[in-house]
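Structure, as structure tokens:
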Amino acid sequence: MGERKGTNKYYPPDFDPAKHGSLNGYRNSHPLRERARKLSQGILIIRFEMPYNIWCDGCKNHIGMGVRYNAEKKKVGNYYTTPIYRFRMKCHLCVNYIEMQTDPASCDYVIVSGAQRKEERWDMQDNEQILTTEHEQKQRLETDSMFRLEHGVQDKAKLQRAAPSLSELQEVQSAWKDDFAINSLLRSKFREEKKQIKEEEERDQALLTKASLDLKLVPEVEEDKKIAALLKYRSLESYEQKQKKKRSEICNRSWFSPGVDSGQQAPGNTMRKLGIRPKTPSVPGISPVSLGVVRRTSKEENKAEDKSVESPDGSRSRKAEGMCRKEETGCKEEITERTQSECKLNTELTLTTSTLAAQGQTPTIHTVSCLVPNYSDSSCESEG
């Protein structure tokens, strides 16, 4: 510690390495500093850890194993060549001092004064632990040959009794001898389990996504599978029962369809809902041609025809003029035919009226309006 303190520190001008050796020698200080303040008395201050549970005699409090203290360590004797050390420390709960020392004969610590040990010891022989050889027994083994022989026979018998358990231990150790093979086997097992867990998680996630659920699925159990296989979801009525019910309804149904008064709608209402207009009865002997109905062409169609007939320089071609002349001839012929048909129709109506008057019946006069055709928008009209 002194060297650590003196590293990269100030060295005074009168410092002589040959004379002082180090900064500790120059300052006449020990490397352990305050811990060696009683070193002249043979006492060194160390950190001592309580070896077992004790009860303090001063405050009667329990001090647990492992509690550390600043203890004064000094040598008090020898066990053969092994030194015996004594430790003196102050209780952290009172002013009482506790003294303990080592016991090399029993490989333990002994309380000298200031505390009592909490008895938690057991007999090593009853526990079948290895016992330490006592000093007197060692002396007899060295001096008494007969005792040494008897002791050897006892040791051989003990070895024979322990041979089966020793062989089992050797077999177990040999099984675990190849570390690489065991490690690779264990890692491969872990990989398989990890792969299986990952597949199960993906399957569960797909099921939750499909069902739009946010739940935590538990692993499958064989009992749950059996119970689910026994359950069947079906309708209350079978197929045969449904067919029988339908047949009974058909048999109990009336043969005649109900009229309009029983709740059904009239045919006119149904056709009106469907968007179908009923056809008007046509008068016999009267046709649109006989009434002088002529289809009128729109101005847009005339303009389109004019544009299609016009040449690029704006003048009409000879072909267009010929087509107009043909249309005019056709229109005149059609007007002549319609005039003749109207005259014929008026003659028939006059005959019918006179016949009904002679029979004494009231004649029904059908008023027919003659439509005059308008050719103001005709494409054959000359341009101004």
Side-chain angles (χ1 to χ4, degrees), residues 46-55 62-69 71 73 75-87 89 98 100-112 115-201 219-223:
I46 64 167
R47 290 289 289 176
F48 181 79
E49 185 175 345
M50 195 62 64
Y52 41 74
N53 298 323
I54 63 172
W55 300 93
H62 178 268
I63 299 175
M65 180 176 61
V67 180
R68 294 181 180 180
Y69 295 94
K73 174 185 174 182
K75 184 178 178 181
V76 293
N78 289 326
Y79 177 74
Y80 295 100
T81 57
T82 305
I84 299 174
Y85 294 101
R86 182 172 293 180
F87 307 94
M89 66 206 82
I98 302 170
M100 302 178 69
Q101 71 179 23
T102 59
D103 185 10
S106 59
C107 300
D108 199 359
Y109 288 89
V110 179
I111 297 174
V112 179
Q116 294 179 1
R117 181 172 181 173
K118 184 180 180 181
E119 291 295 337
E120 296 176 342
R121 291 174 287 185
W122 58 87
D123 190 0
M124 297 179 66
Q125 186 174 2
D126 295 342
N127 240 3
E128 297 183 358
Q129 294 180 350
I130 299 175
L131 301 176
T132 57
T133 306
E134 297 179 359
H135 179 63
E136 296 178 358
Q137 192 174 1
K138 284 183 179 179
Q139 287 182 348
R140 289 188 64 184
L141 287 172
E142 292 176 356
T143 58
D144 193 352
S145 58
M146 292 298 295
F147 181 77
R148 184 168 59 249
L149 181 61
E150 292 175 358
H151 194 273
V153 172
Q154 293 177 0
D155 291 343
K156 289 180 180 179
K158 189 184 295 183
L159 178 63
Q160 290 179 358
R161 288 195 300 270
S165 59
L166 292 175
S167 61
E168 291 179 0
L169 290 174
Q170 289 177 355
E171 290 177 0
V172 172
Q173 290 178 355
S174 63
W176 291 91
K177 190 174 182 180
D178 192 358
D179 299 336
F180 177 77
I182 295 170
N183 190 11
S184 61
L185 182 62
L186 184 62
R187 288 174 67 86
S188 63
K189 184 179 179 182
F190 285 163
R191 288 194 201 96
E192 293 177 358
E193 292 179 356
K194 187 177 180 181
K195 185 177 179 181
Q196 186 177 1
I197 292 171
K198 187 176 180 181
E199 291 177 355
E200 290 179 358
E201 289 179 354
E220 295 181 354
V221 185
E222 293 297 331
E223 295 181 359

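On a predicted model such as this, the values are computed, not experimentally measured, just so you know.
Side-chain contact between I63 and Y69 is present, with at least one heavy-atom pair separated by less than 4.5 Å.
For the atom pair CG (D103) and OH (Y109), the distance works out to 11.0 Å, reported to the nearest 0.5 Å. Here the straight-line distance linking atom CE of M100 with atom CG of D108 works out to 8.0 Å at 0.5 Å rounding. Interatomic distance, D144 CG to E150 CD, rounded to the nearest 0.5 Å: 8.0 Å. The distance from atom NZ of K118 to atom CD1 of I54, rounded to the nearest 0.5 Å, is 12.0 Å. Note: Q101 CD to I111 CD1 = 11.5 Å, rounded to the nearest 0.5 Å. Distance check, rounded to the nearest 0.5 Å: CZ of R117 to CG of N53 gives 9.5 Å.
Residue F147 is tested with Q139, R140, E142 for a side-chain contact (heavy atoms from CB on, under 4.5 Å); the sole match is R140.
By the 6.0 Å contact criterion, CD on E119 is enclosed, its count of non-hydrogen atoms from other residues, nucleotides or ligands being greater than 12.
In this view, F87 and F48 satisfy the ring-ring contact (aromatic ring centres under 6.0 Å, His included) rule, not counting sequence neighbours.
Looking at R68, its side chain never comes within 3.5 Å of a backbone N or O of E49 through a donor-acceptor pair.
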Show me the side-chain donor-acceptor pairs of residues 181-193 shorter than 3.5 Å, one per line, residues at least two apart or across chains.
from: S184; atom 1: OG; to: F180; atom 2: O; distance (Å): 3.2
from: S184; atom 1: OG; to: A181; atom 2: O; distance (Å): 2.8
from: S188; atom 1: OG; to: S184; atom 2: O; distance (Å): 3.3
from: S188; atom 1: OG; to: L185; atom 2: O; distance (Å): 2.7

